[in-house]
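Naming convention: chains lettered A, B, ... in sequence-line order (proteins, then strands); numbering from 1 in each chain. The model shown is predicted, which means the values in this text are computed figures rather than measured ones.
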Amino acid sequence: MLSIRNLSVSIGGKPIIKKLSLEVREGEVHAIMGPNGSGKSTLASVIAGRDRFDVDEGEIEYMGQNLFKMPAEMRAREGIFLGFQYPVEIPGVSMANFMRTAINEKRKYLGLDPLSGAEFLKLMEEKKKIVDIQSKLTKRSVNEGFSGGEKKKNEIFQMALLEPRLAILDETDSGLDIDALKVVANGVNKLRRKDNATVVITHYQRLLDYIIPDFVHVLFDGKIIKSGGKELAYELEEKGYEWVKKEAASNQ
Amino acid sequence: MADKNDKLLKEVGSSDYKYGFYTDIEMDQAPRGLTEDTIRFISAKKNEPEFMLEFRLRAFRHWKTLKEPEWAHVEYPPIDYQDLIYYSAPRKKPKYESLDEVDPELLETFEKLGIPLEEQKMLAGVAVDAVMDSVSVGSTFKETLAEHGIIFCSFSEALQKHPDLIKKYMGTVIPYTDNFFSALNSAVFSDGSFVYIPRGVRCPLELSTYFRINAANTGQFERTLIVAEEGSYVSYMEGCTAPIRDENQLHAAIVEIIAHKDAEVKYSTVQNWWPGDKQGKGGVYNFVSKRGICEGENSRISWTQVETGSAITWKYPSLILKGDNSSGEFYSVAVTNNRQQADTGTKMIHLGKNTRSTIISKGISGGESNNSYRGLVKTSKNAVNSRNFSQCDSLLLGDMCGAHTFPYLDVGNKSSIVEHEATTSKISEDQLFYCLQRGIDMEGAIGLIVNGYAKEVLSKLPMEFAVEAQKLLSISLEGSVG
Amino acid sequence: MKERLIELYNREKDVIRGSSSPLVNRLRQHAFTRFRDKGFPGTNLESWRFTDLTPLLNTEFEINLANRFGNIDTEKLFTCDVYDLDTFSITILNGWFVHKYAPLSKLSDGTIIGSLAKAMEVYPELLDQYIGRAAKPDNYEMAALNTAFFQDGLFIYVPEGVKVNKPIQLINIVDSPNPVFLQPRHILIAGKGSEITLVHCDHSLTHNVSFTNTVMEVFAEEDARVDHYKIQNKGRNSALVTTTFIRQEKNSKVTTNIVTLNGGFTRNTIDNEISDKGCVSDHYGLYLVDSNQHVDNQINIDHASPGSLSNQLYKGILDDKAKAVFSGKVLVRRHSQQTEAHQNNNNILLTDDAKVNTQPHLEIYADDVKCSHGATVGQLDPEAMFYIRSRGLCERSARQLMMIAFASEVVDKIEIEALRKRIHSMVEKRLKGELSICDQCVLHCNSKEPTTFNIDLSKL
C-alpha cells in the first residue's frame with residue numbers, strides 16, 4: 001500500500017530523515033517509536049504532503065502512485081489520513097461544517113453525490129459512538145477550546161468519518177489519561193479493516209497495549225535502526241532506547 | 001411582449017407605487033453636467049414640494065465651495081463632476097432577451113451564490129417572462145406593513161405623501177454641510193427609501209426580501225431615511241449579494257437613521273458593487289455617508305455590513321449616541337481582492353450618559369488590494385460612564401496586498417472606558433494544511449477559514465443573508481492567493 | 001514668529017553657518033526654504049491636529065546666535081544627586097554646550113564626545129558622513145526649522161566594537177530670565193558592534209518661558225546597541241519639541257524610554273527607520289501630567305526591511321485639565337516579511353477635564369507579519385481595587401498601589417539600576433504629590449520657588 005524507499009528529507013538544509021525505507025501492506029498496523037527529535041513527526045508530515053520540507057532523495061509510492069506528484073488534498077481524498085500531534089484551532093468554523101465540506105469534497109473526487117444535511121447528520125451520529133464524543137463538540141469551532149483529550153478524540157472521530165485507507169496517527173496518545181487512551185485506542189481498533197492500514201507514531205509503549213501492532217520500528221536520527229514484532233515495544237519500555245542505539249552503532 | 005415584461009419589471013420593483021422608481025411619465029435624460037438648472041430639472045421631474053428644491057439648491061451652493069476629500073487611504077483618477085449625467089429615466093427596456101446573452105462569468109457567479117434563475121434574469125437585466133413569486137411576496141408584504149401603520153416606500157413617494165415627516169427628519173443626521181459627497185447627494189439624489197415605524201410598533205418583517213429584488217436598479221445617488229418612534233423596532237436590510245454592474249461609476253448615497261426613546265434599529269448591508277476587472281478597471285466608486293442617531297434614552301442602533309464589492313469604498317457608518325443609556329454597534333467584514341481599495345470603519349460619538357458602543361471589524365485583503373479600517377471613538381465630557389470596545393482584525397492573503405488600521409480615540413471624561421484591540425496576521429499555514437489534509441482544496445480551505453474568521457460579524461446578519469454572505473466571501477477571495 | 005525667523009536667517013546667515021561644512025549649509029538652505037514655504041505646522045496637518053503650537057509662538061523670544069558661556073564650572077551649575085548613578089556627564093545650557101575643561105574629548109578607545117559646534121570644526125568629514133542622513137526635514141516641519149538654524153548640541157561618536165562602559169548623561173538646562181527660543185542638535189553615531197547608553201535629561205531651572213526645538217539623529221550601525229533614556233521634568237512655562245530620528249542597520253538594537261514627569265508643553269517625535277534585518281526597536285514612554293500640561297508623543301516606525309521586531313508601549317496618567325496625545329504608526333513595507341510589530345497605549349484619566357487622543361495606526365503591506373496594537377483609556381480596574389481593599393488596604397493606598405503598578409511597567413524597562421530606582425521613587429513621589437521642581441530627577445538645583453505638583457488620587 002505504502003512503500004517508502006531511500007527517503008531523505010531536510011528542512012532549511014538540515015537533514016532530518018536519512019535514507020529511510022518502510023513498507024506498509026493492507027491490513028497491517030505499524031508502530032514507529034523513537035525518542036524526541038528522531039524525525040517521527042517529519043515522516044508523518046511528508047507522507048501527508050506538508051510542503052515545508054525538502055525531499056532530497058528517495059520516493060514514496062502509495063497505491064501504486066507516486067505520492068510526490070499529488071498535492072496534500074489529493075492524498076487525503078485518496079485515503080491518507082493524518083492524526084495530528086497538535087491539532088490546530090480554526091476559530092469560527094464549526095466541526096460539522098468542516099467535516100461535511102471534507103466528506104463532500106472527497107465524494108466529489110470519487111464521483112459520488114454530496115451528502116445532504118440530513119444524511120451527514122445521520123453519519124455523524126453513527127460515528128460519534130465510535131469515539132464516545134459529545135454532541136456539543138461537533139457544534140463548536142474546530143478544536144477551539146477543546147481540551148487535549150478532546151482534540152485527540154476529535155482526530156479519531158474525523159478518521160471515522162473519512163474512513164481512510166492509510167491512517168497515520170502522530171503521537172495520538174500524548175497527553176491522554178488512561179481512560180481517554182482506551183477510548184482512542186478502541187476507536188482505532190473498531191476502524192481496523194482488512195483493506196486498510198495504520199501507522200502509529202508514539203514514544204511510549206503504553207498505547208501499544210491497546211493497539212496491537214504487527215510491526216514495531218525504532219526511528220533514531222532519521223533512520224530506522226531496528227524493526228521487530230510487538231515484543232520489541234516491551235523491550236524498549238524495559239531497557240530504553242540506549243541499547244538499540246548501541247546495537248545500531250556496533251552494526252555499522 | 002417587451003412591453004408586458006417591462007410592466008412586470010416595474011411591478012416587481014415598485015409594486016403599486018404611484019410615484020415609485022418606475023413612473024409612467026416619459027422622462028428625458030438631464031443634460032450632462034451639474035448646474036442649478038440640472039437640480040431644478042430633477043426636482044421638477046419628480047414633482048417635488050418647494051422645500052425640497054430649496055434644500056437641494058442650498059446643498060448645491062454649499063457643494064460648490066467644497067473640495068473633494070483626500071485623506072482616505074485610496075487612490076483614483078480625478079472625477080469630472082461636470083461630465084456626469086445626474087438624472088436619467090429608469091431603464092425601460094431589458095438589456096437582453098435571454099440569459100444566453102449575458103456575460104457567462106456573471107452567470108457563473110450567480111450560480112455559485114445559488115441565486116434562483118428568475119432572479120438571475122432580473123439582476124442581469126434580462127426580460128422576465130414568468131410570474132415571479134416576489135410579486136405576491138411584495139404585495140402581501142405591503143399589506144402586513146400597512147396594518148401596523150408602518151410606512152415603507154420610495155423616497156419620492158414619501159415626499160408626496162408624507163412631506164412633513166421628510167421635512168422634519170431629512171438632513172438632521174447628515175446635514176448637507178457634512179462632507180463633499182453628502183452635499184453632492186443632497187443636491188442631486190435620485191431616489192431611495194423611507195421607513196417610518198410608529199410608536200410602540202415592532203416591525204414584524206425583515207425589510208429585506210423586497211430590497212433584494214429592487215437592488216439591481218438602485219440609483220446612483222440614493223437617499224434612505226429611517227425613523228423609529230419611541231419603543232419601536234425594525235430590522236432593515238439593504239444590498240445584494242449578486243455583483244451589480246452599473247454603468248454609473250460614482251455612487252454617493254446617504255443613509256440617515258433616527259431612533260427615539262427605547263427604539264431599536266438594525267441595519268444590515270451586503271454590498272457587492274462591481275469591483276472592476278482584475279486590473280481594477282471599470283469598477284464602481286462607492287462613497288457613502290451613513291449615520292444614525294440614538295436620539296432617545298435606551299435607544300439602540302446597529303450597523304452590520306459585509307463589503308465585498310466596489311473598486312473603491314469610502315464608507316463610515318457612524319452613530320451619535322445622544323440619549324442616555326443608548327447603545328450602538330458596528331459589525332463589519334470588508335473583503336478586498338485584485339486592485340480593490342476600501343477605506344471603511346465607523347465613528348461612535350458618545351454624548352449621553354452610560355452610552356455603550358461595540359465595534360467589531362474584520363478586514364480581509366487579497367490580491368493587490370488595500371483595505372483600511374478607520375474609526376473614531378469619541379466620548380464627550382458629559383458622556384460619563386460610557387464604554388466602548390473595539391476589535392479590528394486584519395487578515396492578509398498574499399504578499400501584494402495591504403491592511404491598515406487607523407483608529408482615533410478621543411476621550412474626554414474620567415469615567416469612560418475605551419478599549420481598542422487589533423491584530424494583523426496572515427492566514428495560518430497550519431490551518432491551511434489541516435484543511436488540505438482532510439481533503440479540502442486550497443480555495444475551499446481559504447473560504448472556510450475566512451468565513452470562520454468573519455463569523456462573529458456574519459452571525460449578526462439576518463439568517464437568509466448570512467448564508468449568502470458566506471458564499472459571497474468565498475467567491476470574492478477566489479484567486480486571492482497568488 | 002515665522003517672519004522674525006525668516007528675517008533672522010537671511011540677515012545672520014553667516015553667523016548661523018559659522019564653521020559648518022558646505023554640505024551642512026546646503027542642508028540648512030534646503031530646510032530653510034521648506035520652513036519659509038510651509039512655516040510652523042498647523043492643526044490642519046494630521047500629525048498636529050490635537051497639538052496647537054500657535055499660542056506658544058506669540059511670545060517675543062530671544063534667539064542667541066552666539067555662545068556666551070564658554071568655560072564654566074558645570075558642577076556649580078548643578079550636581080547630580082542620583083546615588084550610585086555613575087555617568088559621564090555633559091551639560092547643554094540654553095542650547096549651548098558648556099564645559100569645565102574642553103569642548104570636545106577623544107577618549108583612548110576612539111570615542112568622541114563633546115560639542116557639535118566644535119565637532120563640525122574638527123571632524124567635518126566624519127560629520128558629513130552622517131549629519132542629515134537620518135533627519136527628514138521634508139516630513140517634519142520642526143526638524144526643518146532646526147536644520148536651518150542649529151549651531152550646537154551634543155556630538156557622540158562610538159567607533160566600531162567599542163562598548164562605552166559608563167552611561168553618557170546629557171543635561172539640557174534652560175536658565176534664562178528672558179524668554180528664549182533654543183534649537184540644539186544632537187548627533188549620536190554608534191559604530192558597528194558598539195554599545196552606548198545615553199541618559200538625556202531635560203530641565204528648566206525656573207518657571208520662565210522658553211521654547212526648545214531639539215533634533216537628534218541616532219545612527220545604530222550593524223550589531224550596535226543604543227539605549228536612550230529621556231527624563232523630562234520641566235517648568236510649566238516651558239515648551240519642548242523634540243524630534244529624534246533613528247536609523248538602524250542590520251541586527252542593531254535601539255531602545256528609547258521617555259519619562260515625562262512635568263512640562264508645560266511637550267511634544268516628542270520618534271522617527272525610526274529599520275533599514276536591515278534582525279533589528280530590534282523598543283520604545284517606551286510614561287507621562288504623568290496635570291494642571292494645563294500638554295504632552296504629545298508621536299512614534300513612526302518604518303519597517304523598510306524584513307525580519308525585524310518593533311515594540312511600543314506608552315502609558316499615561318492625566319489629572320486636572322491635562323491633555324495627552326499619542327500617535328503611533330507602524331509601516332510595514334511590501335517586502336518586509338517576518339516583521340513583528342506591537343503597539344500599546346494605555347491611559348488613566350483622573351478628571352472629566354483631562355483629555356486623551358490616541359491613534360495607534362498600522363499600515364501593512366506584507367502578509368507574513370505579526371502585528372498588533374491596542375489602546376485603552378479608562379480607570380483603574382475595579383476588580384483589582386476591590387481585591388486589594390479586601391486585604392485590608394484603604395482606598396487611597398489601594399489607588400496608589402495600582403497607579404504605581406500601572407506606571408512601573410514602563411519604568412521597569414530602564415536597565416540602569418540606579419536610574420530605574422530613582423525614577424521609581426520619583427514616579428511614586430509624583431503620584432503622591434510629593435515631587436517638587438527642585439527635587440528634579442538628576443539635579444539638585446536649590447530653586448527659590450519650589451512648586452509642588454499634585455496628582456490628586458482622591459479624584460480617581
Side-chain angles (χ1 to χ4, degrees), chain A residues 44-53 70-110 117 140-144 151 154-155 157-159 161-164 167-168 170, chain B residues 111-112 114 306 331-333 335 360-364 391 393-395 397 421 423-461 463 466-471 473-475 477 481:
Chain A
S45 296
V46 168
I47 297 171
R50 183 113 218 202
D51 57 9
R52 71 154 75 124
F53 303 98
M70 297 155 75
E73 68 270 27
M74 288 298 181
R75 299 184 200 192
R77 291 170 195 169
E78 285 284 354
I80 295 179
F81 178 89
L82 172 62
F84 286 75
Q85 183 179 5
Y86 304 108
V88 69
E89 299 183 357
I90 311 180
V93 178
S94 76
M95 260 316 293
N97 183 20
F98 179 60
M99 270 298 105
R100 192 176 163 200
T101 310
I103 285 178
N104 284 340
E105 291 258 356
K106 181 172 177 176
R107 291 179 67 90
K108 194 167 133 197
Y109 176 76
L110 299 174
R140 296 211 328 236
S141 295
V142 177
N143 294 321
E144 198 182 35
K151 279 185 182 168
N154 189 20
E155 292 294 290
F157 171 60
Q158 292 177 39
M159 174 176 157
L161 280 168
L162 292 167
E163 299 178 324
I168 302 157
D170 188 5
Chain B
E111 262 331 299
K112 285 178 186 164
V306 175
Y331 302 104
S332 169
V333 175
V335 180
I360 308 286
S361 162
K362 305 274 181 181
I364 299 149
Q391 173 81 46
D393 294 331
S394 307
L395 194 63
L397 309 172
E421 281 175 16
T423 59
T424 301
S425 51
K426 72 169 189 171
I427 206 159
S428 137
E429 274 175 30
D430 286 339
Q431 289 175 344
L432 278 178
F433 182 67
Y434 196 76
C435 294
L436 292 176
Q437 212 299 306
R438 297 300 183 249
I440 301 167
D441 64 16
M442 194 57 116
E443 289 198 336
I446 290 171
L448 262 183
I449 295 168
V450 164
N451 267 301
Y453 168 81
K455 194 180 183 186
E456 217 177 331
V457 174
L458 296 177
S459 67
K460 303 291 176 187
L461 284 174
M463 203 35 201
V467 176
E468 284 182 24
Q470 279 180 23
K471 288 182 189 163
L473 284 193
S474 311
I475 292 169
L477 288 167
V481 180

(message) So, taking the atom named CG in L436(B) and the one named CZ in R77(A), what distance separates them when rounded to the nearest 0.5 Å?
(response) 9.0 Å
(message) Test of understanding: with side-chain contact (heavy atoms from CB on, under 4.5 Å), list the residues that count as partners of Q391(B), not counting sequence neighbours.
(response) I360(B), F389(B), D393(B), E421(B)
(request) Taking the side chain as every heavy atom from C-beta outward, state whether Q431(B) and P91(A) have any atom pair closer than 4.5 Å. (result) yes
(request) Just give me the residue among V93(A), I103(A), V142(A) that pairs up with chain B most often, heavy atom to heavy atom, under 4.5 Å. (result) V93(A)
(request) Using non-hydrogen atoms and a 4.5 Å limit, figure out which bit of N104(A) sits close to chain B: side chain, backbone, both or neither. (result) neither
(request) Could you give me the CA-CA distance, side-chain angles and deciding distance for R438(B) and M99(A), then say whether side-chain contact (heavy atoms from CB on, under 4.5 Å) is met? (result) CA-CA 8 Å; R438(B) 297 300 183 249; M99(A) 270 298 105; 4.1 Å; yes
(request) Name the region of Y109(A), side chain, backbone, both or neither, that has any atom closer than 4.5 Å to a heavy atom of chain B. (result) neither
(request) Could you check whether the rings of F84(A) and Y434(B) sit parallel, tilted or perpendicular, using 30° and 60° as the cut-offs? (result) tilted
(message) Under 4.5 Å from any heavy atom of chain B, what part of I80(A) do you find: side chain, backbone, both or neither?
(response) both
(request) Identify the heavy atoms of R52(A) and D430(B) that sit nearest to each other, and give their distance. (result) NH2-OD1, 3.7 Å
(request) Just do the side-chain contact (heavy atoms from CB on, under 4.5 Å) check on F433(B) and V88(A) with the steps written out, would you? (result) CA-CA 9 Å; F433(B) 182 67; V88(A) 69; over 6 Å; no
(message) Nearest 0.5 Å, please: how far is CG in N97(A) from CD in Q470(B)?
(response) 7.0 Å
(message) At a 4.5 Å cut-off on heavy atoms, which part of P87(A) comes close to chain B: side chain, backbone, both, or neither?
(response) both
(message) Is any side-chain heavy atom of I90(A) closer than 4.5 Å to one of I449(B)?
(response) yes
(request) Mind listing the closest non-hydrogen atom pair of A76(A) and G439(B) along with its distance? (result) CB-N, 3.2 Å
(request) Check each atom of L82(A) against the heavy atoms of chain B and say whether the ones under 4.5 Å are side chain, backbone, both or neither. (result) both
(message) Report which part of E429(B) has an atom under 4.5 Å of a heavy atom belonging to chain A: side chain, backbone, both, or neither.
(response) both
(message) Report which part of R50(A) has an atom under 4.5 Å of a heavy atom belonging to chain B: side chain, backbone, both, or neither.
(response) both
(message) Is it true that, when you exclude E89(A) itself, more than 12 heavy atoms of the residues, nucleotides or ligands shown sit nearer than 6.0 Å to its CD?
(response) yes
